[in-house]
K.L.:
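Below is a structure I'd like to ask you about.
We use all heavy atoms of the structure for the numbers below, so side chains are in, but hydrogens, waters and symmetry mates are not. Heads up: numbering here begins at 1 and tracks the sequence.
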Amino acid sequence: MPENDRDQTSRPDPDALLALAKQDRRGKLTLFLGAAPGVGKTYAMLTRVRRLKEEGVDIVIGLVETHGRGETAALLEGLEVLPLRHVEHSGRSLQEFDIDAALARCPRVIVVDELAHTNLGGSRHPKRYQDIEELVDAGIDVWTAVNIQHLESLADVVAQIAGVAVRERIPDTVLKRADEVFLVDLPPAELIQRLKEGKVYLPENASRAAERFFRLGNLTALRELALRRTADRVDDQMVDYLRQNAIEGSWAAGERLLVCIGPDRLSEKVVRTASRLASGLNANWIVVSVARADGDANTGSEAMRQLDATIRLAEQLGAETRRIVGNDFVEEILKLARREHATQIVIGARRHRFPLLPFRRSLPDALVARASGIGIHLITDRNESAPKPKRKHKRAFPEGSGRALAIAASSTAAATALGILIERFIVLQNISLLYLLAVLASAAYAGYVAAIAAALISVLAYNFFFIEPVGTVTVAEPHEVFALFTFLAAAILAGGLASRVREQAKTASRRAAATQALYDFSRKLSGTANAEDVLWAAVTQIQATLRRNAVLLLPAGGEIEPAAAWPPDTELGVSDMTAARWTFEKNEAAGNATGTLPNSPFQFRPLRSPHGIVGVCGFLQEDKPLDISEERALAAILDQTAVAVDRARLSRESLDQAARLEGEKFRQALLSSISHDLRTPLATITGAVTSLRQLGERMPPESRDDLLKSIEEESGRLTRFVANLLDMTRVEAGTINARRDWVDVADVVHSAVERARTYFTGRVFETSIAADLPLIRGDSVLLGQVLFNLLDNANRFGGDEAISIYARREGDELVLSVTDLGKGIAPDDLDHVFDKFFRKGKPDGRSLGTGLGLSISKGFVEAMGGRIKAESPALKRRGTRISMRFPVARTGTADKGRE
């Protein structure tokens, strides 16, 4: 093997290292596991606590149940015990573990006994293991104790062993995530002896426990379960260590289970059995449910709730869950098994009282016949020792059967009447086809029940009215009996097919409506860039889909706050806001029917986008769970809303970033202008003043005049620079108050040209002003400043040719233009010459300037109601013309202004 290959194979597993890094950021969970009550879990835990206390470790007691055992209570002496929280329950004041006090104390290690305990109503979490998970996430090490019978996957096994159902259970993932597990073991005979001595329960409870639970066979079986689970945990720790340290060893081929479930009670047992099998094999497992295309129509709400509960149980036990749709269940299951490389399939198999038809196999039998290279585990439903659940009273007839029977009777009656009417005129041998139409009509309008009823009624009516002897239900000819039963079979088959088509059409219609609603919602979001509009569109869509009050919350100032609600008067209480904050901070559902703050009437779910959580959605649940179609619709709406909110946020941040970049560009241009246009005249003035002071009378008069002239020119330049900055500030702030006086443009042009000749000596200016030039409404001071800025720009970039100023009337506008014959402006720069700090070109021997003159000119012209435009080339394929257009007043008004 090459050297680099050996290095590559000896590297640690990155996934294992990542998991290890995540564990370092959280607290550690230490679990004391026992086979049964009384083995000494709490005693062993407190013994270790006292040992750590003597070593100076900051360790406190959050809650310990001594169950009246004196030797256990003695171990608490001298230890810091946190106060418990008092809760009113059924008229009594009870004590519960105070998680807020534990978080506020924040010790290094805390002891919280009774891991599987169920908290009283009003607590933050319904189960104590969830309190412990929050403490661990906060970085606190937690020590706790639990018995093996409280594991969720072992509930049915314990019920079979002990004959009693365990009500307080915890997910197997809690044991799997524990950082350290101590098995507290005691031989069953010794444990029974401790029970008789009163060291497990009080005397009044000990005898009852000895009769029901503390039997030698029960304790032995539970002890075996505890030993097996602990051994599995040790094996997992060994595998993690090998991966983290890149230690090579023999690796067995990985097993992968595919577990098939349906909307029945057997599926719960299948999931628990599969969980134990996956744990024993240390294998990954996927739980899948397959539904037909019309499954929503044919499956009752109670069955769908049972399926949802089974899927949630599988997720708690650590399985990956899938839902797929298809008509060929066997093909869909095998296709998924091949795609996921499953090695074994686990499925439930019921024992039927009557054998199925020869041409119809059960699903397990079909899987066994068609699976190749995949092991099949069949889980049966026969369990004689387990307590049988109470059967609910079933309705004698399905809901809506009265309407179905009425439609079947009326359609059959119509067919009979039509047949009697036809036989009065024509004798037909195939009159029975009318009843076939009645069966099909009943199936199309009322479903399968109506089809069956119509078929049976049709057989009786056909026999009574049309088969000899007429008026009786007897059949005279043998071939008529065969025809009668053939007709019955055909009617039932055709009715069933028609009923199925009807149900599929109804399901397709509902799904099409849901898809269309989601499509319309998606289009609405795609055309909305404002976050507020997105929220209102989303919250109204959620309310319309679920028919429940809905609210959306977004982060603002470090807190989560309501941003939109429908109906608008929907309000959230203190517990609701606490659940919403939990959802936003922990990225998990909270509120009603969840594991966190279930007393809230609202359920809150996070809005997850590719960039993290962008908000929280809450909807009023009040112990009325969503059905499967509502769940799917809500999930789609939340996904689209999260993406739209994230897109609006990114768009807003992009605009802010663009504004910051633009401001940064302007700031750099301003600093560059200041560093050049301010320092250059100051340096000239400083040098001239220094020369005058040092030389004084010794300087020739001509040189002195030149220096004084330079000081005068550079001072004027500074004055113009500062004036431009002040004018640009006015333009940006929108504080230009242009007067609306009558302005004679010819006077303004003459004044600006004379001023330019004073500043730009040696420059030739040519003016052309029309004789009939009208007056305009404007500000003569602003117009003069604009014209001077244009002449200054032409002087810088116009070369040595003359600068022309034209003023004329074109229709209802007065046109004033300044034209030079310089190099001109590139076509790509024509749209930017009026931008702030735009400077282009290298004029001969002249400063580039600040790049504010044209921008100020545009602001002044627009403030007077005019327009300004740059054109290049102007004349002879060179030069630049900047034109201004102002609206002229009406003739009578202008003449009055002249007078």
Side-chain angles (χ1 to χ4, degrees), residues 22 25-27 29 62 85 87 96-106 110 112 115 117-140 142 170-171 173-174 177 312 315-316 535 538-539 542 548-565 570-609 611-623 625-626 631 634-635 638-639 641-642 645:
K22 291 181 179 179
R25 292 193 298 266
R26 61 196 294 270
L29 176 61
R85 180 171 57 92
V87 180
E96 278 283 12
F97 171 63
D98 194 343
I99 184 173
D100 292 321
L103 291 172
R105 172 63 175 80
C106 193
I110 186 171
V112 183
L115 176 64
H117 173 74
T118 300
N119 294 330
L120 296 175
S123 301
R124 181 182 307 174
H125 304 293
K127 302 291 290 186
R128 184 166 293 168
Y129 77 83
Q130 295 171 321
D131 294 338
I132 291 176
E133 287 179 350
E134 184 176 352
L135 292 174
V136 172
D137 291 338
I140 302 175
V142 181
I170 63 172
T173 53
V174 177
R177 288 197 299 264
R312 287 194 295 270
E315 292 173 347
Q316 290 179 356
L535 294 177
V539 77
I542 293 173
R548 307 171 188 225
N549 292 17
V551 61
L552 290 175
L553 303 95
L554 293 184
E559 287 289 334
I560 191 82
E561 296 179 356
T570 303
E571 296 182 355
L572 299 180
V574 177
S575 62
D576 303 329
M577 289 301 301
T578 304
R581 282 192 292 270
W582 178 274
T583 298
F584 183 75
E585 294 172 359
K586 303 296 183 180
N587 191 16
E588 62 182 27
N592 195 279
T594 68
T596 303
L597 298 170
N599 292 330
S600 170
F602 284 83
Q603 184 178 120
F604 296 91
R605 299 190 182 184
L607 296 176
R608 300 184 180 96
S609 77
H611 299 89
I613 301 178
V614 297
V616 173
C617 170
F619 57 91
L620 190 63
Q621 176 142 315
E622 292 182 327
D623 298 325
L626 305 179
E631 282 283 358
L634 178 62
L638 294 185
D639 289 342
T641 302
V645 171

K.L.:
Would you say the side chain of Phe619 lies within less than 4.5 Å of the side chain of Leu626, judging by non-hydrogen atoms?
P.N.:
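Leu626 reaches Phe619 side chain to side chain.
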K.L.:
Test of understanding: with side-chain contact (heavy atoms from CB on, under 4.5 Å), list the residues that count as partners of Ala101, not counting sequence neighbours.
P.N.:
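Ala101: side-chain contact (heavy atoms from CB on, under 4.5 Å) contacts with Asp98.
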K.L.:
Mind running side chain to side chain contact (heavy atoms under 4.5 Å, CB included) on Phe604 and Leu597 for me, showing each step along the way?
P.N.:
CA-CA 10 Å; Phe604 296 91; Leu597 298 170; over 6 Å; no
K.L.:
For His117, what residues pass the ring pair (Phe, Tyr, Trp, His ring centres under 6.0 Å) criterion, not counting sequence neighbours?
P.N.:
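His117: no ring pair (Phe, Tyr, Trp, His ring centres under 6.0 Å) contacts found.
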K.L.:
How many angstroms lie between CZ in Arg128 and CD1 in Ile99, if you round to the nearest 0.5 Å?
P.N.:
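That separation rounds to 11.0 Å.
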K.L.:
Main chain of Asn592, side chain of Gln603: is a donor-acceptor contact present, judged purely on distance under 3.5 Å?
P.N.:
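Pair found, side chain donor or acceptor close to backbone of Asn592.
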K.L.:
Just so I know, are the side chains of Cys617 and Ile542 near enough to count as touching, which here means a heavy-atom distance under 4.5 Å?
P.N.:
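They are in side-chain contact.
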K.L.:
Kindly write out the residues that satisfy side chain to side chain donor-acceptor pair (under 3.5 Å) with Glu133, not counting sequence neighbours, or none if the list is empty.
P.N.:
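With neighbours one apart ignored, the set is Arg177.
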K.L.:
When the side chains of residues 572-580 are checked against the rest of the protein, which donor-acceptor pairs come out under 3.5 Å, sequence neighbours left out?
P.N.:
unit_1, atom_1, unit_2, atom_2, d
Asp576, OD1, Ser600, OG, 2.4
Asp576, OD2, Gly573, N, 2.8
Thr578, OG1, Val574, O, 2.9

K.L.:
Looking at Leu120, is its backbone amide N or carbonyl O close enough to the side chain of Glu96 to form a donor-acceptor pair, meaning the two atoms are under 3.5 Å apart?
P.N.:
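Judged by distance alone, yes, a pair lies under 3.5 Å.
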K.L.:
Of all the heavy-atom pairs spanning Leu135 and Ala102, show the shortest one and how long it is.
P.N.:
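So the minimum-distance heavy-atom pair works out to CD2-CB, 4.0 Å.
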K.L.:
Grab the two heavy atoms, one from Phe584 and one from Val616, that are nearest each other, plus how far apart they are.
P.N.:
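Answer, listing the atom of Phe584 first, then Val616: CB-CG2, 3.7 Å.
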K.L.:
Got a sec, which residues hit side-chain contact (heavy atoms from CB on, under 4.5 Å) with Glu585, two or more places apart in sequence or on another chain?
P.N.:
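Arg581.
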K.L.:
Which heavy atom of Pro555 sits nearest a heavy atom of Ile560, and at what distance?
P.N.:
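Heavy atoms of Pro555 and Ile560 come nearest at N-CD1, 3.6 Å.
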K.L.:
With sequence neighbours left out, write down each residue that passes salt bridge (Lys or Arg N to Asp or Glu O under 4.0 Å) with Glu631, or none if nothing qualifies.
P.N.:
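Salt bridge (Lys or Arg N to Asp or Glu O under 4.0 Å) check on Glu631 returns Arg605.
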K.L.:
What pair of heavy atoms forms the shortest contact from Arg124 to Pro598, and how long is it?
P.N.:
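So the two residues come closest at O-CD, 4.1 Å.
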K.L.:
For Arg312, check salt bridge (Lys or Arg N to Asp or Glu O under 4.0 Å) against everything at least two apart and list the hits.
P.N.:
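Result, salt bridge (Lys or Arg N to Asp or Glu O under 4.0 Å) vs Arg312: none returned.
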K.L.:
Could you work out, with side chain to side chain donor-acceptor pair (under 3.5 Å) as the rule, every residue matching Thr173, not counting sequence neighbours?
P.N.:
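Here no residue qualifies.
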K.L.:
Ala563 and Leu535: which non-hydrogen atoms are nearest, and at how many Å?
P.N.:
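So the minimum-distance heavy-atom pair works out to CB-CD1, 3.5 Å.
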K.L.:
Quick check: do Asn119 and Lys127 have side-chain heavy atoms less than 4.5 Å from each other?
P.N.:
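No; the side chains remain at least 4.5 Å from each other.
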K.L.:
Could you check if a side-chain atom of Ser123 sits within less than 4.5 angstrom of a side-chain atom of Phe97, using non-hydrogen atoms only?
P.N.:
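In short, these two side chains do not touch, never coming nearer than 4.5 Å.
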K.L.:
Among all residues two or more places apart in sequence or in another chain, which pass the salt bridge (Lys or Arg N to Asp or Glu O under 4.0 Å) test with Arg85?
P.N.:
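In terms of salt bridge (Lys or Arg N to Asp or Glu O under 4.0 Å), with neighbours along the sequence ignored, Arg85 is linked to no residue.
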K.L.:
Name all residues meeting the side-chain contact (heavy atoms from CB on, under 4.5 Å) criterion together with Asn587; count only those two or more places apart in sequence or in a different chain, and write none if there are none.
P.N.:
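Asn587: side-chain contact (heavy atoms from CB on, under 4.5 Å) contacts with Pro606, Arg608, Ile613.
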K.L.:
Can you tell me how far apart CD1 (Ile170) and CD (Gln130) are? Round to the nearest 0.5 Å.
P.N.:
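With rounding to 0.5 Å, CD1 (Ile170) is 11.5 Å from CD (Gln130).
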K.L.:
Between Leu620 and Thr570, is a side chain to side chain contact (heavy atoms under 4.5 Å, CB included) present by the stated rule, with each step listed?
P.N.:
CA-CA 10 Å; Leu620 190 63; Thr570 303; over 6 Å; no
K.L.:
When rounded to the nearest 0.5 angstrom, what distance separates CG in Asp137 from CD1 in Ile132?
P.N.:
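So the gap between those two atoms works out to 12.0 Å.
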K.L.:
Applying side chain to side chain donor-acceptor pair (under 3.5 Å), name anything that partners Glu588, two or more places apart in sequence or on another chain.
P.N.:
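Checked Glu588 against side chain to side chain donor-acceptor pair (under 3.5 Å); matches are Trp582.
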K.L.:
Search all heavy atoms of Ala538 against all heavy atoms of Thr641 and return the closest pair with its distance.
P.N.:
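Shortest heavy-atom contact: CB-OG1, 3.3 Å.
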